[in-house]
Amino acid sequence: MVRNIVVLGGSSHPTLTDTICEILGIQQGSALFSKFSVGETRVEIGESVRGKDVYIIQSGGGKVNDHFIELLIAISACKTASAKKVTAVLPLFPYSRQSDIPYNKTEAPLVKASNLSNKLVADSNGYTFDSIPPTPHPDRGESHGLTNSNAHLLHKVASRSQLDEVEHSPTHQARFNHYRDSSTHSSTKSDYFAGSRKRGDSFTSMTNGITSHDFAAKVDPQDSFKPRPGYRQWVAQAGTLVADLLTCAGADHIITMDLHDPQYQGFFDIPVDNLYGRPLLKKYIQHNIPDYKNGVVVSPDAGGAKRATAIADSLGIEFALIHKERRPTKITDRQNATMMLVGDVSGRVAILIDDLADTSNTITRAAKLLKKEGASKVYALVTHGVLSGDAIDRINASALDKVIVTNTVDQRDHSRRCPKLEVLEVGHVFAEAIRRVHYGESISVLFQYD
Ligand SMILES: O=P(O)(O)OC[C@H]1O[C@@H](O)[C@H](O)[C@@H]1O
């Protein structure tokens, strides 16, 4: 039993708090989270936290803004009630995709939300959500700008040097130069759009200021937001604000898992422990995917390549990458994005790895492409199963055979609605991190997964 510690659970994920307390052998701290009729959050701490080491568990996902405010008020309440130290435990860190200028996912969603229910109808292959335009296929002469010299890579296993070859080939560079300004040469998703945002008004009017793909899933911002002609919209970078709010509220320490951008830790001036979900994902692959040694780990986009290659390397299996090409040909052509596979999955199990599935557009579209390219089965392994809006319907109707998520976000409702979903428990990882932080022990052992 861990002593002199108080663990409180916000309303985002009560079962995870229960699991953590059970593993630590303690009773959950007493706190009441409620609402005034107007919607304001009310927090009451029901026991003394004076001189105690307090851990407040609150995840992103669900009613993310309400949960975040609840957390801030709870932190502040504990500090003013003389807690010695307050640690915010955020299994999924809210707003962590907004640590930089939010990227604009011009290729998603594939349909307008207003038409979504009509579109959830399987095509002749039994899957929904066609790429528009179709995924390029060399046999059909749809090389989409690939030269003969690098088109052959589409049918080969992508080695690291081959990926570099594509990335650095003059043709590729030429194609992407217009997405970059002279000072922006990183290939991350954010940077593509950080660069393109600076291109000027044509891009501004093309995107019409869409700043969040979550938002895009609900309403079509084109209908509601038009930046004034000649003005480049100002895109909020909420990451810094969120980090500041936590520290201002009184947080002394943050524990989280698989931050979308690990560099986000640098936005804090308090310690941040960013735990890894990879050991769990790796173990799942080893124990549950038959013949995984002949499988291929696939990153659904360039931004996740590092994450996916780390798992592929540690399993000693091959790696492939889905390259999303955003090359609108006219101002209104927001959905003109194509996906192409760099690597070979033909006759093999494809194992998609990503940090997060929100609308699930990314993994369902990737699965469709992988099946078209001959994958025998497609698994998606994702740390954070946010699965908001129509995500579950989308997964159920997709080419995905299985979706594996951890329970950094509450999965009880998702599991009921999605027969393809399997959930991996993270309670023991957070319990061990809390125990080690409380006793001042190193937590680096939790980062090892080889
Ligand atoms: O396509 P959905 O599921 O909405 O969003 C998930 C994607 O958005 C990115 O931030 C994640 O890394 C992932 O690739």
Side-chain angles (χ1 to χ4, degrees), residues 60-62 64 92-111 113 116 128-129 131 187-194 210-219 221 237-239 256-264 274 277-278 281 297-311 321-324 326 335 337 339 351-370 378 380-400 403-406 408-409 411 414 418 420-421:
V64 59
L92 164 59
F93 197 99
Y95 286 83
S96 58
R97 286 187 289 177
Q98 297 193 41
S99 56
D100 197 345
I101 294 173
Y103 71 93
N104 183 326
K105 209 167 185 175
T106 52
E107 76 282 14
L110 290 167
V111 292
L116 198 54
T128 58
F129 299 97
S131 302
S187 60
T188 66
K189 284 182 281 206
S190 313
D191 287 343
Y192 270 34
F193 287 91
I210 302 142
T211 59
S212 154
H213 64 291
D214 294 334
F215 182 59
K218 294 191 181 86
V219 290
Q237 298 171 56
T256 187
M257 181 176 272
D258 282 0
L259 275 174
H260 178 68
D261 179 357
Q263 293 173 1
Y264 189 33
N274 181 27
R278 284 180 221 155
L281 305 186
V297 166
V298 183
S299 175
D301 57 27
K306 209 169 165 186
R307 191 177 297 119
T309 49
I311 292 190
L321 172 76
I322 292 174
H323 175 65
K324 288 181 198 167
R326 302 173 172 95
Q335 296 189 356
M339 298 169 86
I351 305 165
L352 280 164
I353 301 286
D354 212 343
D355 64 322
L356 190 146
D358 184 358
T359 63
S360 289
N361 273 309
T362 301
I363 54 171
T364 53
R365 296 186 71 202
K368 175 156 188 167
L369 173 63
L370 292 167
V378 181
L381 279 83
V382 172
T383 306
H384 306 296
V386 180
L387 307 181
S388 62
D390 295 293
I392 299 282
D393 298 334
R394 200 166 280 126
I395 289 170
N396 286 340
S398 76
L400 285 160
V403 176
I404 296 91
V405 298
T406 76
T408 53
V409 173
Q411 297 297 329
H414 299 158
C418 185
K420 297 181 182 182
L421 196 68

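Atoms within a ligand are numbered from 1 in the order they appear, just like the ligands themselves. Reckoned from all heavy atoms, side chains included, excluding hydrogens, waters and symmetry mates.
Between S360 and ligand 1 there is a heavy-atom distance shorter than 4.0 Å.
Distances below 4.0 Å separate heavy atoms of A357 from the following atoms of ligand 1: 3 (O). Taking every heavy atom of H260 and a limit of under 4.0 angstrom, the matching atoms of ligand 1 come to 9 (C), 10 (O), 11 (C), 12 (O). Proximity to D301 (heavy-atom distance under 4.0 Å) selects the following atoms of ligand 1: 14 (O). Interface atoms of ligand 1 facing T362, defined by a heavy-atom separation under 4.0 Å, are 1 (O), 2 (P), 5 (O), 6 (C), 7 (C), 14 (O). Near D355, meaning under 4.0 Å from one of its heavy atoms, ligand 1 places the atoms 11 (C), 12 (O).
In this comparison of T359, I363, D258, T364, the heavy atom closest to atom 2 (P) of ligand 1 sits on T359. Checking L356, I395, L387 against atom 6 (C) of ligand 1, the nearest heavy atom belongs to L356.
By the 4.5 Å heavy-atom criterion applied to side chains, D258 and T408 are not counted as neighbours. Within the 4.5 Å cutoff, the side chain of V64 has no heavy atoms near those of the L92 side chain. In this structure, L356 and T362 have side chains that are not in contact, with every pair of non-hydrogen atoms separated by 4.5 Å or more.
Under the 4.0 Å criterion applied to side-chain N and carboxylate O atoms, D261 and R97 are not assigned as salt-bridge partners.
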List the steps, then state whether side-chain contact (heavy atoms from CB on, under 4.5 Å) holds for L352 with L400. CA-CA 10 Å; L352 280 164; L400 285 160; 4.2 Å; yes
Would R278 and I353 count as a side-chain contact (heavy atoms from CB on, under 4.5 Å) if you check the C-alpha gap in whole Å, the side-chain angles of each, and the deciding distance to 0.1 Å? CA-CA 10 Å; R278 284 180 221 155; I353 301 286; over 6 Å; no
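Proximity of V386 to ligand 1, defined as any heavy-atom pair under 4.0 Å, is not found for any part of the residue.
Taking both residues in full, the closest heavy atoms of S299 and A308 are given as CB-CB, 3.7 Å, listed atom of the first, atom of the second, then distance.
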